[in-house]
Amino acid sequence: MTSPDHEPIPSERQGKRKREPEGSRAGARRADAALLWTARILCLAGVIVSVAAAILTGSMLKHGQIAYATILVVVFVVSSVLGIRFWRQSPSAVRFKPLRWMGVLAFTLVLAAVGWLVPSAAIAPSLLAMQSDARVTVNETSDQIVLAPAHSEKRLGLFFQPGARVDARAYVATLRPLAEEGFTVVIPKQPLGIAFLATGAFKGARTQHSPVDRWVVGGHSLGGTVSALDAQSFSGASTDPVVGLLLFASYPATDMSAVPVKVLSLSGSNDGLATVEKINNSKALLPADSTFTVIEGAVHADFGDYGAQAGDGQPGISRDKARANISTDSLAFMESLNSAD
């Protein structure tokens with residue numbers, strides 16, 4: 001008779017050793033399957049997101065800066081190719097590695113960025129204002145829109161940066177009256193619709209629009225913040241071209257109170273983004289003789305023609321009236337600097 005606590009015979013010990021690796025392999029197979037299905041679903045999401053973003057972007061695939069369209073094509077192709085490969089692959093052929101999960105996370109972030117970067121496309125009347133006539137020639141290229149006066153072109157021009165993820169065409173109706181009065185207007189198309197990715201745009205354009213040799217730099221929202229940096233970089237010396245800064249619902253990120261430029265800050269009383277409080281708090285960052293004009297009832301989206309904007313306030317006046325006020329004040333500012341020449 002054997003004792004209940006006898007030592008396992010060799011075959012029993014070998015059986016236990018075999019069962020333990022089998023459990024580990026089963027866990028590894030489950031991890032491999034989870035990785036494979038995650039990759040499959042992510043690739044499907046990549047196809048859907050890139051197609052949906054292209055549809056929502058609409059005409060800006062043609063009229064916007066090429067960077068975003070390029071990203072959409074790359075995401076669609078990569079998602080399609082990898083998706084076909086992963087759907088043909090069996091879980092047993094996948095080996096779990098932390099590096100592959102890091103790739104899944106990185107691609108997820110890319111898809112989130114693609115969705116966030118969908119731009120706000122221009123709407124009427126700015127789209128209608130893109131047509132040339134006897135007073136203004138509209139020239140659109142892959143990297144900018146130029147509103148050139150047909151006659152009596154002045155030596156003072158406006159270089160205007162759009163707001164974040166906003167179609168450059170959305171500002172044409174607001175700024176066209178300036179071109180009708182002889183001021184050349186240049187609106188750059190920013191990579192991915194982000195002004196900070198177009199910080200060198202003014203430096204490249206400032207000498208390309210003869211006879212313009214003096215500039216007002218300006219912009220809407222984030223575009224105004226970047227234009228304030230240009231005002232700091234290209235003003236002061238007698239050879240520097242910037243003489244003014246035009247802010248649409250915007251304010252500088254740094255102290256430029258000692259910068260020798262004239263400043264006009266236009267804001268909306270009902271703006272839910274660049275609020276009255278934020279504009280007031282920015283006054284100390286600008287020169288003491290800056291002019292601050294609040295357009296009663298206007299909101300953030302009234303400074304361009306691109307539709308409503310998330311987080312904005314409720315308008316108290318019509319978009320047409322707000323646009324007319326913005327154009328009138330902007331033109332008066334340009335005229336005051338031109339006459340001071």
Side-chain angles (χ1 to χ4, degrees), residues 126 129-141 143-162 168-169 171-190 195 198-220 223-224 226-248 250 252 256 258-266 286-287 289-291 293 303 326-341:
S126 275
M130 287 290 294
Q131 301 299 317
S132 298
D133 60 17
R135 301 183 66 184
V136 177
T137 299
V138 180
N139 181 25
E140 181 182 13
T141 66
D143 59 358
Q144 66 182 7
I145 297 170
V146 179
L147 309 179
H151 307 286
S152 304
E153 190 170 8
K154 295 179 171 62
R155 293 176 59 188
L156 178 67
L158 172 65
F159 189 87
F160 189 89
Q161 290 272 13
R169 297 174 297 167
Y171 301 94
V172 173
T174 302
L175 300 177
R176 187 180 177 116
L178 281 63
E180 292 174 349
E181 296 301 321
F183 297 102
T184 298
V185 177
V186 180
I187 310 171
K189 296 181 178 180
Q190 306 154 341
T199 53
F202 173 68
K203 182 178 180 180
R206 59 181 177 151
T207 60
Q208 298 178 2
H209 301 279
S210 179
V212 179
D213 56 8
R214 298 167 65 248
W215 290 92
V216 172
V217 291
H220 176 215
V226 169
S227 290
L229 297 176
D230 284 333
Q232 292 174 282
S233 300
F234 298 100
S235 64
S238 59
T239 56
D240 284 337
V242 174
V243 296
L245 174 63
L246 177 60
L247 298 174
F248 283 7
S250 184
M256 56 175 297
V259 177
V261 296
K262 296 295 182 181
V263 179
L264 173 61
S265 171
L266 298 178
L286 291 166
D289 62 350
S290 299
T291 300
T293 300
F303 289 87
I326 295 166
S327 297
T328 298
D329 290 339
S330 299
L331 178 58
F333 180 61
M334 296 292 292
E335 293 282 14
S336 70
L337 292 175
N338 187 64
S339 61
D341 187 5

Query raised in the report: Do Thr184 and Pro149 have side-chain heavy atoms sitting under 4.5 Å apart?
Result: yes
**Report entry** Pairwise side-chain contact, Val217 with Val261, heavy-atom cut-off 4.5 Å (strictly under)
**Finding:** no
Query raised in the report: Can you name the side-chain contact (heavy atoms from CB on, under 4.5 Å) partners of Ser330, sequence neighbours left out?
Result: Leu178, Leu246, Phe248, Leu266, Ile326
Report summary line: Taken to the nearest 0.5 Å, the spacing of Ser233 OG from Asp240 CG works out to 9.0 Å
Requested in this report: Quick one: list whatever passes side-chain contact (heavy atoms from CB on, under 4.5 Å) with Thr328, sequence neighbours left out.
Outcome: none
Query raised in the report: Do Pro162 and His220 come close enough that some side-chain heavy atom pair is under 4.5 Å?
Result: no
**Report entry** Side-chain touch Gln208/Val186, heavy atoms, less than 4.5 angstrom
**Finding:** no
Query raised in the report: Is the NZ atom of Lys262 crowded by more than 12 outside heavy atoms at less than 6.0 Å?
Result: no
Query raised in the report: Looking at Ser126 and Ala173, what are the two nearest heavy atoms and their distance?
Result: OG-N, 3.2 Å
Query raised in the report: Hey, are Asp230 and Arg206 close enough for a salt bridge, meaning a charged N less than 4.0 Å from a carboxylate O?
Result: no
Query raised in the report: Heavy-atom distance under 4.5 Å between the side chains of Phe183 and Leu156, does that happen here?
Result: yes
Requested in this report: Step by step, work out the side-chain contact (heavy atoms from CB on, under 4.5 Å) result for Val185 and Val136.
Outcome: CA-CA 10 Å; Val185 177; Val136 177; over 6 Å; no
Report summary line: Closest heavy-atom pair, Ser250 versus Ser265, reported as atoms and distance to 0.1 Å, is O-OG, 4.2 Å
Query raised in the report: Is the closest side-chain heavy-atom distance between Val138 and Arg176 below 4.5 Å?
Result: yes
**Report entry** Minimum-distance pair of heavy atoms, taken over all atoms of Ala150 and Ala134
**Finding:** CB-O, 3.2 Å
Query raised in the report: Is a side-chain N or O of Glu335 found less than 3.5 angstrom from the main chain of Glu181, in a donor-acceptor match?
Result: no
Query raised in the report: If you measure from CG on Leu158 to CZ on Phe333, what distance do you get to the nearest 0.5 Å?
Result: 9.5 Å
Requested in this report: Can you see which heavy atom on Gly223 is nearest to which on Gln161, and at what distance?
Outcome: O-CB, 3.4 Å
Query raised in the report: Do side-chain atoms of Thr174 reach the backbone of Ser327 as a donor and acceptor pair under 3.5 angstrom?
Result: no
Report task. Please tell me if the side chains of Asp329 and Thr291 come closer than 4.5 Å, counting only heavy atoms from C-beta onward. Result -> no
Report summary line: When rounded to the nearest 0.5 Å, the distance separating CG of Leu147 from CG of Asn139 is 9.5 Å
Report summary line: Output for pair (Leu264 CG, Leu286 CG), nearest 0.5 Å, gives 11.0 Å
Query raised in the report: Which heavy-atom pair separates Arg135 from Glu180 by the least distance, and what is that distance?
Result: NH2-O, 3.2 Å
Query - Value rounded to 0.5 Å, distance of OG in Ser210 from CZ in Arg155 - result: 9.5 Å
**Report entry** Inter-residue atom distance Met130.CE - Glu140.CD, 0.5 Å rounding
**Finding:** 4.0 Å
Report task. In sequence, state the C-alpha distance, the side-chain angles, and the governing distance for Glu153 and Val212, and then conclude on side-chain contact (heavy atoms from CB on, under 4.5 Å). Result -> CA-CA 8 Å; Glu153 190 170 8; Val212 179; 4.3 Å; yes
Query raised in the report: Pro188 versus Phe202: any side-chain heavy-atom pair under 4.5 Å?
Result: no
Query - Least distance between heavy atoms, Met256 atom then Ala231 atom - result: CE-CB, 4.1 Å
Query raised in the report: Does the side-chain contact (heavy atoms from CB on, under 4.5 Å) test come out yes or no for Ile187 and Gln144, once each step is laid out?
Result: CA-CA 6 Å; Ile187 310 171; Gln144 66 182 7; over 6 Å; no
